[in-house]
Amino acid sequence: MENSHRKTSISGTKIAVVLLLAGIAAIIFGIFRGEATIVLKKATMICLECIGLG
Amino acid sequence: MDKLHVKPIQWMRARFQIAWAIMSNAYIVGFLNGKIYQGDLKAVCVPGLNCYACPGALGSCPVGAVQAVLGSKGINFSWYPLGFLALWGALFGRLVCGWLCPFGLLQDLLHKIKLPKRWKRLRTLPGERYLRYLRYFFLGIFVIILPLTVLNAFGQGSPWFCSWVCPSGTLSGLLLIAGNPTLRGAVGFLFAWKNVILSGILVLSIFLWRPFCRYICPLGAVYGWFNPIALYRFKIDTAACTKCNICRKVCKLDIPVYKNPNSVDCVR
């Protein structure tokens, strides 16, 4: 019982680390695709749609 | 799990939430002039629901960023904002909702308002189990499908969740309008509709703990999936647990923690 708990916990940690690295990779890939620029452009203008005016 | 154990964490959490909300909305000039921060830091997605149209916001809302990218011409996947969601989710799961979300803080503060003795707080709403699935509907339809498929003449989609639902955006709008009279001329039906949603959520927050996080928040829906595997997660000491159910009684979301310590509904 204790062993199976430990195994589940360790595999959960492994999945988390893989997702963490995948997240970092996705951010870098997104930057190269110009997505960071899109976000920056949208976020630095007052988004009238976001506040319910557009 | 008596009150002695729970209270110091709640005390610390409330202070951390306030400090985080101030830190991530530290552009004071914006509040005074009805303008927004326009520096490069805005490219970074913050973990919680914090509208980038908020006068003080230093970073971007991940939900808004997903829609902004999906709605751009020729793009059908949001790598960059989803990368941030995976990063924050893998580290914290819904700890983000409990500790790092300014809109969560607002609901927490409203829930602290003392009620007259004859008024009772609600633990759940009728149909609670089904209502909690609504946040997946908002995530799937309003955050992903509509921005991706309903396009204008230039091939661009709209941020449907922000436009029609998001109360954080409405609150930002109110703050902006307060400091920027020129924006007041643009107020119309949509703004009135969004204020109805915001008011409903704020009033309900007094009686029910975190209604927006339970039923609507698409960000909470995503982070909930990370709860069972996030680096920060709960583990029950099965040898010590007596299944007394006190954890469920203490939990404001009515989760039987000893059975499901990492429930997708759990706001840490």
Side-chain angles (χ1 to χ4, degrees), chain A, chain B residues 35-40 42-43 45 51-53 57 59-61 64-65 68-69 72 75 78-91 158-159 162-164 166 169-170 172-174 176-177 180 183 186-188 190-195 226 228-231 233 235 238-239 262:
Chain A
M1 182 84 172
E2 185 65 27
N3 261 352
S4 77
H5 258 284
R6 249 177 91 183
K7 274 183 191 166
T8 318
S9 181
I10 291 166
S11 65
T13 305
K14 278 183 187 167
I15 296 169
V17 171
V18 169
L19 285 172
L20 189 78
L21 296 175
I24 294 168
I27 292 170
I28 295 167
F29 184 58
I31 291 170
F32 281 111
R33 272 170 40 114
E35 292 180 20
T37 314
I38 294 170
V39 172
L40 182 64
K41 203 173 157 191
K42 185 84 178 175
T44 51
M45 293 187 296
I46 293 179
C47 173
L48 294 177
E49 290 160 311
C50 302
I51 58 178
L53 295 182
Chain B
K35 292 182 176 167
I36 59 169
Y37 169 69
Q38 295 181 309
D40 290 345
K42 268 273 175 85
C45 292
C51 184
Y52 42 45
S60 284
C61 171
V69 175
S72 299
I75 291 184
S78 287
W79 289 98
Y80 181 73
L82 289 176
F84 275 103
L85 289 180
L87 178 73
W88 299 128
L91 283 171
S158 291
C162 300
S163 295
W164 289 92
C166 188
T170 315
S172 303
L174 288 168
L176 269 176
I177 286 169
N180 190 338
L183 286 174
V187 169
L190 190 60
F191 194 66
W193 162 251
K194 286 195 68 184
N195 272 285
F226 286 91
I229 54 97
L231 292 178
R233 60 183 184 274
K235 191 181 160 194
T238 46
N262 295 304

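Here is how names work: the chains are called A, B, and so on, in the same order as the sequence lines, proteins then strands, and each is numbered from 1. It should be emphasised that the depicted structure is a prediction, and the values quoted were computed from it without experimental measurement. We use all heavy atoms of the structure for the numbers below, so side chains are in, but hydrogens, waters and symmetry mates are not.
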*chain B heavy atoms under 4.5 Å from A/Leu20: which part of the residue, side chain, backbone, both or neither?*
both

*asked:* Taking side chain to side chain contact (heavy atoms under 4.5 Å, CB included) as the definition, give me every residue that meets it alongside A/Cys50, ordered by chain and number, with sequence neighbours left out.
replied: A/Cys47, B/Cys51, B/Tyr52, B/Cys162

*Measure distances from A/Ile28 to the heavy atoms of chain B and classify the residue's part below 4.5 Å as side chain, backbone, both or neither.*
neither

_chain A interface, residue from B/Gly173, B/Gly188, B/Ser172 that has the most non-hydrogen pairs under 4.5 Å_ = B/Gly173

_Partners passing side chain to side chain contact (heavy atoms under 4.5 Å, CB included) against B/Val187 (at least two apart in sequence or in another chain)_ = A/Leu53, B/Ile177, B/Phe191

*Shortest non-hydrogen contact from B/Ser78 to A/Glu35?*
C-OE1, 3.4 Å

_Which portion of B/Ala230 sits near chain A, non-hydrogen atoms under 4.5 angstrom_ = backbone

*Please report the shortest heavy-atom distance between A/Leu19 and B/Ala86, naming the atom on each side.*
O-CB, 3.9 Å

*Is B/Gln38 reaching over with its side chain to a backbone N or O of A/Thr44, donor-acceptor style, under 3.5 angstrom?*
yes

*Could you give the distance from CD1 (A/Ile15) to CZ (B/Phe226), rounded to the nearest 0.5 Å?*
11.0 Å

*Is it the side chain or the backbone of A/Ala22 that comes within 4.5 Å of chain B heavy atoms, both, or neither?*
neither

*B/Asn262 versus chain A, the contacting section by heavy-atom distance below 4.5 Å*: neither

*Could you tell me which portion of B/Tyr37 (side chain, backbone, both or neither) has an atom closer than 4.5 angstrom to a non-hydrogen atom of chain A?*
backbone

_Could you measure the distance from the OG atom of B/Ser163 to the CG atom of A/Leu48? Nearest 0.5 Å is fine._
10.0 Å

*Taking all non-hydrogen atoms of both residues, which atom of A/Ala26 and which atom of B/Gly83 are closest, and how far apart?*
CB-CA, 3.7 Å

*NZ/A/Lys14 to CD1/B/Ile229 distance, rounded to the nearest 0.5 angstrom?*
14.0 Å

_Could you report the tightest heavy-atom contact between B/Ser72 and A/Ile38, atom names first, then the distance?_
OG-CG2, 3.3 Å

*B/Lys42 and A/Ala43: which non-hydrogen atoms are nearest, and at how many Å?*
NZ-O, 3.0 Å

*Of all the heavy-atom pairs spanning B/Lys194 and A/Gly52, show the shortest one and how long it is.*
CD-CA, 3.8 Å

*Quick one: which of B/Leu85, B/Leu87, B/Asn195, B/Asp40 has the most heavy-atom pairs under 4.5 Å with chain A, could you say?*
B/Leu87

*Of the backbone (N, CA, C, O) and the side chain (C-beta and beyond), which part of B/Leu174 lies under 4.5 Å from a heavy atom of chain A, both, or neither?*
neither

*Give the C-alpha distance, both sets of side-chain angles, the deciding distance and a yes or no for side chain to side chain contact (heavy atoms under 4.5 Å, CB included) between B/Arg233 and A/Thr13.*
CA-CA 10 Å; B/Arg233 60 183 184 274; A/Thr13 305; 3.1 Å; yes

